[in-house]
Amino acid sequence: MTYDFSIVLGYWQALLQGLGLTLKLTLLCAAAGSALGFFVSLARVSSIKPLRWISTLYVEFFRGTPVLIQLFWFFFCLPIAIGTDISNFVAATLSLTLYTGAITSETFRASLKSIRKEEIDACIALGLSRISQVLYVILPQAILRAIPTLLSNFVSLFKESALVSAVGMADLMFVGQNISSNIARPVEVLTMVALIYFVVAFPLTRAVTVVERKMLAKLAI
Amino acid sequence: MLRAAAFARHLRSKEVVTTMNKIMSNKTATQEFATAGSQYKTAAAGVSGQPLVRISNLHKSYSPTVQVLKGLNLDMAAGERLVVIGPSGGGKSTLLRVMMGLEEVNSGSVNFAGQEYICADESKQKTKINLDVRKQIGMVFQHYTLFPHLTILQNLTLAPRKVRGESNASAEERGMALLTRFGLGAKANAYPNQLSGGQKQRVAIARALMLDPKLMLFDEVTSALDPELVAEVEQVIMQLAEQGMPMMIVTHDMWFAKNIASRVVFCAGGVVVEEGTPDEIFNAPKHERTREFLNRVFHI
Ligand SMILES: Nc1ncnc2c1ncn2[C@@H]1O[C@H](COP(=O)(O)OP(=O)(O)O)[C@@H](O)[C@H]1O
Ligand SMILES: [Mg+2]
C-alpha cells in the first residue's frame, strides 16, 4: 500500500474550518476559565471558611474526574436536570471553562503563595493598607508569575478540546475523523490532523519556556 | 565572615571616612547636631526632656518555649543614633519588628514622642497599634524587599501615592531628587533585578525616606551584601546621620557601629545587658557578657 498525502490537501477548507472552531473554543474557554480560576484562587485563600470549602470542593471535583465525563454530563445530563435543551457548543464551552477554571485556579494559587513574606513586611512598614498591598504588590506579581504556567494550561486545553468531537462538534478532530472514514485514508488524514495540532501547539510550548525565563529574570530579587 | 568584614574595612572609600570624620567631630554635641541646619529636625521630640522612643518591659515569645524578649527596657533621646549590637538570636530583629508593628507582643509597650503606640492588651491577647504614630517610623530590612515588578522610581512613589494620596507628579519629583542625591538618578526606570545589592539597599533607604520618617530603623542592612558593596550603603546612612536623622541601627559591623553611634546598646538574651557611649562599650565594657561578645567579634 502506498501513501498519498496530497489527497488530504483537497480537504484543506474543511480542516481549516475545524481548526477555526477548535481555536475559537480554546480561546473562549481559556479566557473565561482563567478569569474564573483567578477568583477561585482568591476564594481558596480567603479567610471566609464557607468560601474556602466550596471553592476547594469545586477544584478537587473538576481536577479529579475525566474531562470526557464532565463534557458528557453537561451535554446529556444537564438538559434533563434543567428541563431545557442546550446546544453542544454551550455544553462544551461550559464544561471546558469549568475544567480550565479548576486547573488555572491552582496555577494562580501557587503564584499567590510565591510572593515573599519579606515584601509584605515592607508593605506594612510603608504603611500600605491591606487593599493596597493586594492591588499593587500581591496581585500584579501573582499574575505575572502565573503567565508561564497559564500558557501551558492553555496548550493542554487546546489538545484536550479534541474531546468535544465526542458530542458532535465539528472541531478539527471531528472533521479529520469524518474525512478519514469517508475516504478510507486514516493514515494520511489522521497523521495530517496530528501535525496540524502539533504545528499550533509547538510554538506555544516554546513560548512558555521563553516567557518563563524572562519572567524569572524579571521577578528575581 | 570576619575576613569579609576586614576586607570591607580595607575597601572603604575616602569619602566615607570624610563623612565619618565630620560626624565624629560632632559626636559630643548631639543637640547641635540635630539643629545645625539639618534637614531632619527632630520635630517629633518637641517636648524637651522626653525621650523620642521609650520601650517599656517588652515581652515577646514566638511560642511557649521560644521566649525572645524578656522584659526589654530602652530609652532613646531625640537626635540620637543608637546602635544595637549583640549575639545573633538575641532578639535585635524582633525588637525592631515590634517597633514597626510587625509582631505581636505579650506584654509591655512602646512610646514614640510621648505617645504610646504599641501596647499589649493582655486581656484580649492582642497588640494595639496606633498606626498614625507608627507611620512616623521607617525601616530598612536585612533582606531585599524592593517590589520586583515595579521600577525603582515606582518603588519610591507607591507608598506616598497610596498612603498619603500624594500626586504622581509630586511623588516622582521628590523621588527623583532623592535618587539623584543617592547617586541613583540613572537607575530611576530600571527594575530591582538590574541593580547590585548595594544599590538595592540604597533604594530601600530612599523608599523609606519618601514618607518623611521621624525615626529610621536599620536591621543589618549590609549583612546580605558582598563586602565591596557595604561601604556605599553605610555612606548613605552616614549622610542621613549627618543631617540629624534619629536612627536605631542593628549591625554586626563593629567599625561602622563605633563610628556612627552616639550610644551603643548591647542586647543579649532578650534584654539590654549594657549601654553606653561607643567609647565605654568598646573600650571599657562593664559586663562579662559584653566583654565576651566583643572578644569574639574582634578576635579574628
Ligand atoms: N517568626 C519566628 N518564629 C519563631 N521563632 C522566631 C521567629 N523569628 C525569630 N525567631 C527566634 O527568635 C530568636 C531571636 O531572633 P531575632 O530577633 O531574629 O534575633 P537577632 O536579630 O538578634 O539575631 C531566635 O532564636 C529566632 O530563632
Ligand atoms: Mg537579626
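Residue numbers start from 1 in every chain, and the chains themselves are labelled A, B, ... in the order their sequence lines are given, proteins ahead of strands.
- Partners of Glu166(B) by salt bridge (charged side-chain N to carboxylate O under 4.0 Å, His left out), not counting sequence neighbours, listed by chain and number: Arg164(B), Arg174(B).
- Considering CD of Glu118(A) and CG of Leu146(B), their distance stands at 12.5 Å, rounded to 0.5 Å.
- Only the backbone of Ile137(B) has a heavy atom closer than 4.5 Å to any heavy atom of chain A.
- Contacts between His149(B) and chain A at a heavy-atom distance below 4.5 Å involve backbone atoms as well as side-chain atoms.
- With a 4.5 angstrom heavy-atom cutoff, Leu211(B) touches chain A only via side-chain atoms.
- For Ala122(A) against Arg207(B), the heavy-atom pair with the smallest separation is CB-NH2, 3.6 Å.
- Within a 6.0 Å sphere centred on CD of Glu173(B), heavy atoms belonging to other residues, nucleotides or ligands number 12 at most.
- When each of Met100(B), Gln194(B), His143(B) is checked for heavy-atom pairs under 4.5 Å with chain A, His143(B) comes out on top.
- To the nearest 0.5 Å, the span separating CZ on Phe141(B) from CD on Glu119(A) amounts to 11.5 Å.
- With a 6.0 Å radius and a threshold of 12 heavy atoms from other residues, nucleotides or ligands, Phe61(A) has its CZ atom at or below the threshold.
- Heavy-atom neighbours of Tyr62(B) OH from other residues, nucleotides or ligands within 6.0 Å: above the threshold of 12.
- With a 4.5 Å cut-off on non-hydrogen atoms, Leu126(A) touches chain B through its backbone and its side chain both.
- More than 12 heavy atoms of other residues, nucleotides or ligands shown are found within 6.0 angstrom of CD1 on Ile82(A).
- Counting heavy atoms from C-beta outward, Thr145(B) and Asp121(A) have side chains that stay 4.5 Å or more apart.
- For the side-chain contact (heavy atoms from CB on, under 4.5 Å) with Phe147(B), the lone residue among Ile115(A), Leu219(A), Val137(A) that qualifies is Val137(A).
- Expressed to the nearest 0.5 Å, how far CG of Leu131(B) lies from CD1 of Ile124(A) amounts to 10.0 Å.
- The environment of CD in Gln17(A) is sparse: at most 12 heavy-atom neighbours from other residues, nucleotides or ligands sit within 6.0 Å.
- Applying the 6.0 Å contact sphere to CG of Leu195(A) captures more than 12 heavy atoms from other residues, nucleotides or ligands.
- When all heavy atoms of Lys162(B) and Leu128(A) are compared, the closest pair comes out as CB-CD2, 3.8 Å.
- Heavy-atom distances place no part of Ser129(A) under 4.5 Å from chain B, backbone and side chain included.
- Nearest approach of Lys135(B) to Gly127(A), heavy atoms of both residues: CE-O, 3.7 Å.
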